[in-house]
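Here the structure is laid out as structure tokens; the discussion comes afterwards.
Numbered from 1 within each chain, the chains take letters A, B, ... in sequence-line order. What you see below is based on every heavy atom in this structure, not just the backbone, and it leaves out hydrogens, waters and symmetry mates. Since the model is a prediction, treat every value here as computed from it, not as a measurement.
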Amino acid sequence: MHADPGGPFLIQRLDDADAPAGPVNAAGPAQLSLLDDDAPRWVWRSPRTYRALLAAGVRVTRAHDVELVERLLVAAAGRFGAPHGLAAASARLAGLPEEPDPPPEADDEPPGLFPSAAPAGPETLAAVVAVHAAQRRTLAGNPRLALLATAESAGGVVAEEMRADGLPWDADVHDDLLTTALGPRPAGYARPRRLAELAADIDAAFGRPVNPDSPAEVLRAFGRSGFELPSTRSWVLKKVDHPAVAPLLAYKELARLHTAHGWAWLRTWVHDGRFRPEYVVGGVVSGRWATRGGGALQIPRAVRGAVRADPGNRLVVADAAQLEPRILAAMAGDDALARAGGREPDSDLYAGLAHELFGGSAPDGRAKAKLAVLSAIYGQTSGDAGVHLALLRRRFPAAVDVVEAAARAGEDGRIVRSWLGRTSPPAAPGDEVPARARARGRFTRNFVVQATAAEWALVLLAELRAALHAAGDPARLVFFQHDEVLLHGPADGAELAAAMVQDAADTATRRLFGDTPVRIPVPGRVVTSYAEK
DNA sequence: ACAGACTGCGCC
DNA sequence: AAAGGGCGCAGTCTGT
């Protein structure tokens with residue numbers, strides 16, 4: 001399929017060998033919806049194609065996204081970061097020089113603005129068909145990568161649908177939250193009242209005007225008061241005994257709220273009761289999503305009360321509990337670690353681990369166990385981390401081996417791969433310098449776990465979306481953030497939808513790891529507001 | 001005047 | 001309490 005925004009949809013049927021099995025046809029939205037009743041696997045160029053379809057009112061059951069898959073295949077072939085756009089992929093097939101990828105188009109940009117972009121219309125369709133066939137040949141020999149390609153494509157579908165549906169956002173509640181914290185909305189670009197008061201308190205404490213938004217000025221002001229500080233980070237300031245500290249900390253927190261998620265944000269990003277961020281599938285090298293604009297993956301807790309279900313509806317908020325250590329246990333086949341994570345839906349892995357490592361009654365056992373696990377996954381070396389990690393290694397050697405092998409690979413300048421085959425970037429020139437090599441070791445150590453967790457979440461999303469779709473959409477996916485999903489739908493279907501999340505999670509675990517004792521709890525709570533516990 | 005680096009902090 | 005992995009964004013600072 002090929003869809004120019006607003007233009008005709010060009011479609012062509014493929015046979016079992018992925019070759020054209022008929023002529024190119026132009027189809028309208030109604031015809032496309034009818035064709036989807038047979039649940040074909042649609043093949044298209046990029047999530048943009050689906051954006052155009054959704055705009056025309058067409059939703060599909062499943063798809064293969066050529067550009068998303070091409071990026072996976074290019075990296076897997078050892079050419080991380082090489083162009084993966086349709087034009088480049090098409091040129092590679094033809095043995096021609098690759099064209100660089102065009103820059104991402106703005107939403108309202110007419111197609112074809114960039115001369116280097118792929119040709120429009122039937123030629124684009126032919127390129128999609130040819131590149132898809134080549135991709136399928138490559139994937140035929142690699143079932144794990146094929147699963148990843150399917151999940152990545154499904155991610156593109158979910159991302160565009162979530163953007164089209166939007167996250168329910170109550171601007172009045174948001175405005176009330178801001179007014180309570182900052183004072184009334186100021187005219188123009190003036191400081192809100194509360195910030196102005198705190199700035200005055202800061203000036204008074206230093207005995208002269210100091211711009212609290214300027215770290216350099218704040219450092220100089222403390223210097224004159226006899227405090228030489230390494231930075232103005234809040235945890236540094238908290239240790240300083242000076243009257244400016246309290247108003248400065250309060251100012252920083254509120255200024256952050258004002259600039260990042262204040263009235264300007266609200267006006268820019270929330271329309272008609274919906275927040276519609278643009279999700280960038282695979283935007284992070286680990287396979288996590290990024291967003292473009294709106295900071296959707298950093299919605300602070302302070303404004304989550306503004307995320308409210310429509311009247312008569314509910315939100316289902318579900319996040320995977322201690323996802324990364326459980327993923328590590330599954331990857332490593334470390335049944336001891338899996339058992340420590342427990343099998344109950346609400347089991348606490350760190351508590352179970354504390355029992356295993358320190359016995360039941362050790363003080364701070366849970367905190368120490370958590371530190372040990374984070375050391376293993378992030379490569380932390382400071383404080384007691386090394387001691388706790390050694391303990392972890394003795395009890396769970398299989399799990400620790402997985403991350404330490406990844407760390408060694410990174411330090412040696414080699415690449416690593418996730419469980420399904422997402423490939424890390426290669427070492428850069430200069431990475432053999434010891435400090436850089438250690439940093440790269442920490443990166444690859446984390447990559448194997450974070451990237452596998454990301455693909456598990458992607459498979460969960462795909463399964464959940466398919467199950468919801470098949471059940472007639474008792475709820476819609478409206479938000480996804482690394483290990484957390486939000487659903488929105490009628491109140492009477494919310495409990496069912498919450499149960500479907502755990503089912504999708506269990507299916508994802510089996511799809512990736514087969515028969516494993518690892519269980520990943522994804523408890524869903526049915527709420528009216530995202531801020532509710 | 002504008003671009004890019006840097007700082008600091010929100011989220012996972 | 002602090003510091004390990006991954007981001008995006010707003011504001012200041014610096015260089016041209």
Side-chain angles (χ1 to χ4, degrees), chain A residues 189 191 195 210-220 229-239 248-249 251-262 264-265 268-269 277-280 282-304 307 319-325 327-328 364 367-368 370-386 388-389 403 406-407 410 416 418 422 424-425 435 438-454 456-457 479-486 530:
Chain A
Y189 292 94
R191 259 185 186 143
L195 286 181
V210 173
N211 176 5
D213 290 321
S214 167
E217 247 186 81
V218 172
L219 282 184
R220 281 195 296 273
L229 305 180
S231 76
T232 63
R233 289 186 164 85
S234 56
W235 61 265
V236 171
L237 296 182
K238 277 175 190 152
K239 294 186 297 190
L248 250 179
L249 291 173
Y251 179 92
K252 278 167 169 282
E253 189 177 332
L254 292 177
R256 168 95 196 157
L257 176 65
H258 176 54
T259 59
H261 286 91
W265 182 93
T268 306
W269 292 105
E278 178 171 13
Y279 296 95
V280 185
V284 180
V285 292
S286 64
R288 280 183 171 185
W289 293 9
T291 54
R292 199 148 41 215
L297 302 185
Q298 297 104 243
I299 299 171
R301 290 173 195 285
V303 302
R304 289 185 181 182
V307 181
D319 64 310
Q322 299 125 12
L323 177 59
E324 294 193 348
I327 288 290
L328 175 58
D364 303 328
K368 288 183 194 169
K370 184 173 178 177
L371 187 65
V373 169
L374 295 183
S375 307
I377 294 175
Y378 291 149
Q380 180 183 348
T381 52
S382 68
D384 294 334
H388 296 138
L389 181 55
V403 284
V416 294
S418 70
R422 195 182 301 267
S424 76
R438 282 193 298 276
R440 190 174 144 74
R442 287 193 296 274
F443 169 72
T444 50
R445 169 194 292 269
N446 183 254
F447 180 93
V448 293
V449 180
Q450 186 184 116
T452 302
W456 175 87
F479 190 60
F480 167 61
Q481 178 175 228
H482 309 316
D483 61 359
E484 177 179 23
V485 294
L486 260 67
Y530 191 16

Ignoring backbone atoms, test whether A/R442 places a side-chain nitrogen or oxygen under 4.0 Å from the OP1 or OP2 oxygen of C/dG4.
no
First of A/W269 and A/L374 reached from the 5' end of DNA chain C, by closest nucleotide
A/L374
Just to be sure I understand the rule, does A/R440 reach a base, reach only the sugar-phosphate, or reach nothing, if contact means heavy atoms closer than 4.0 Å?
nothing
Nearest listed nucleotide, side chain of A/R288, among C/dC13, B/dC12, C/dC7:
B/dC12
Among B/dG8, C/dG6, B/dC9, the nucleotide that comes nearest once only the side chain of A/S234 is considered
B/dC9
Distance from A/Q450 atom CD to A/I377 atom CD1, nearest 0.5 Å?
10.5 Å
Derivation of the side-chain contact (heavy atoms from CB on, under 4.5 Å) call for A/L297 and A/R288:
CA-CA 11 Å; A/L297 302 185; A/R288 280 183 171 185; over 6 Å; no
Could you pull out the protein-nucleic contacts involving nucleotides 14-16 of chain C (nitrogen or oxygen on both sides, under 3.5 Å)?
none

Once you apply a heavy-atom cut-off of 4.0 Å, does A/T259 come out as touching a base, just sugar-phosphate, or nothing?
sugar-phosphate
Please classify the nucleic acid contact of A/I377 as base, sugar-phosphate, or nothing, using heavy-atom distances under 4.0 Å.
nothing
Please report the distance, rounded to the nearest Å, between CD in A/E217 and P in B/dC6.
21 Å
Apply side-chain contact (heavy atoms from CB on, under 4.5 Å) to residues A/W456 and A/D483 and explain how you reach the verdict.
CA-CA 9 Å; A/W456 175 87; A/D483 61 359; 5.9 Å; no
Taking A/E217 for its side chain and A/N211 for its backbone only, find out whether a donor-acceptor pair lies under 3.5 Å.
yes
Taking atom types as they are modelled, would you say the side chain of A/R233 forms a donor-acceptor pair with the base of B/dC9 within the 3.5 Å cutoff?
no
What nucleotide, of C/dC7, C/dG11, B/dG8, holds the atom closest to the side chain of A/T232?
B/dG8
Does any N or O in the side chain of A/T444 come within less than 3.5 Å of the main-chain N or O of A/G441, such that one atom is a donor and the other an acceptor?
yes
If you only use heavy atoms from C-beta on, which nucleotide in B/dC12, C/dC7, C/dA2 is closest to the side chain of A/R304?
B/dC12
Counting only side-chain heavy atoms from C-beta out, which of C/dG11, B/dG10, C/dG6 sits nearest to A/Q298?
B/dG10
When the distance from CG of A/L248 to C1' of B/dC9 is rounded to whole Å, what number comes out?
15 Å
For a quick check of understanding: with a heavy-atom distance under 4.0 Å over all strands, which category does A/Q481 fall into, base, sugar-phosphate or nothing?
sugar-phosphate
In this structure, how many angstroms lie between the P atom of B/dG8 and the CH2 atom of A/W235, rounded?
10 Å
Strictly distance-based, threshold 3.5 Å: is any side-chain N or O of A/R445 a donor or acceptor partner for the main-chain N or O of A/A376?
yes
Touch class at under 4.0 angstrom, heavy-atom based, for A/R301 against every strand present
sugar-phosphate
Report yes if a side-chain nitrogen or oxygen of A/R256 is closer than 4.0 Å to either non-bridging phosphate oxygen (OP1 or OP2) of B/dC11; otherwise report no.
no
Which of parallel (below 30°), tilted (30 to 60°) and perpendicular (above 60°) describes A/Y530 and A/F479?
perpendicular
Separation of A/R438 atom CZ from C/dG4 atom P, in whole Å?
11 Å
With a 4.0 Å cut-off on heavy atoms, is A/G283 in touch with a base, just the backbone sugar-phosphate, or nothing at all?
nothing
Hey, does A/K239 reach any base, or is it just sugar-phosphate, or nothing, if we go heavy atoms under 4.0 Å?
sugar-phosphate
N or O in side chain of A/K252 less than 4.0 angstrom from B/dC9 OP1/OP2
yes
Base, sugar-phosphate or nothing for A/S375? Non-hydrogen atoms, less than 4.0 Å.
nothing
Steps toward side-chain contact (heavy atoms from CB on, under 4.5 Å) verdict (A/K252, A/T232):
CA-CA 10 Å; A/K252 278 167 169 282; A/T232 63; 3.7 Å; yes
Here the distance between atom P of C/dG8 and atom CD1 of A/I299, to the nearest Å, is 15 Å
Within this structure, what is the OH-to-C1' distance between A/Y251 and C/dG11, rounded to whole angstrom?
10 Å
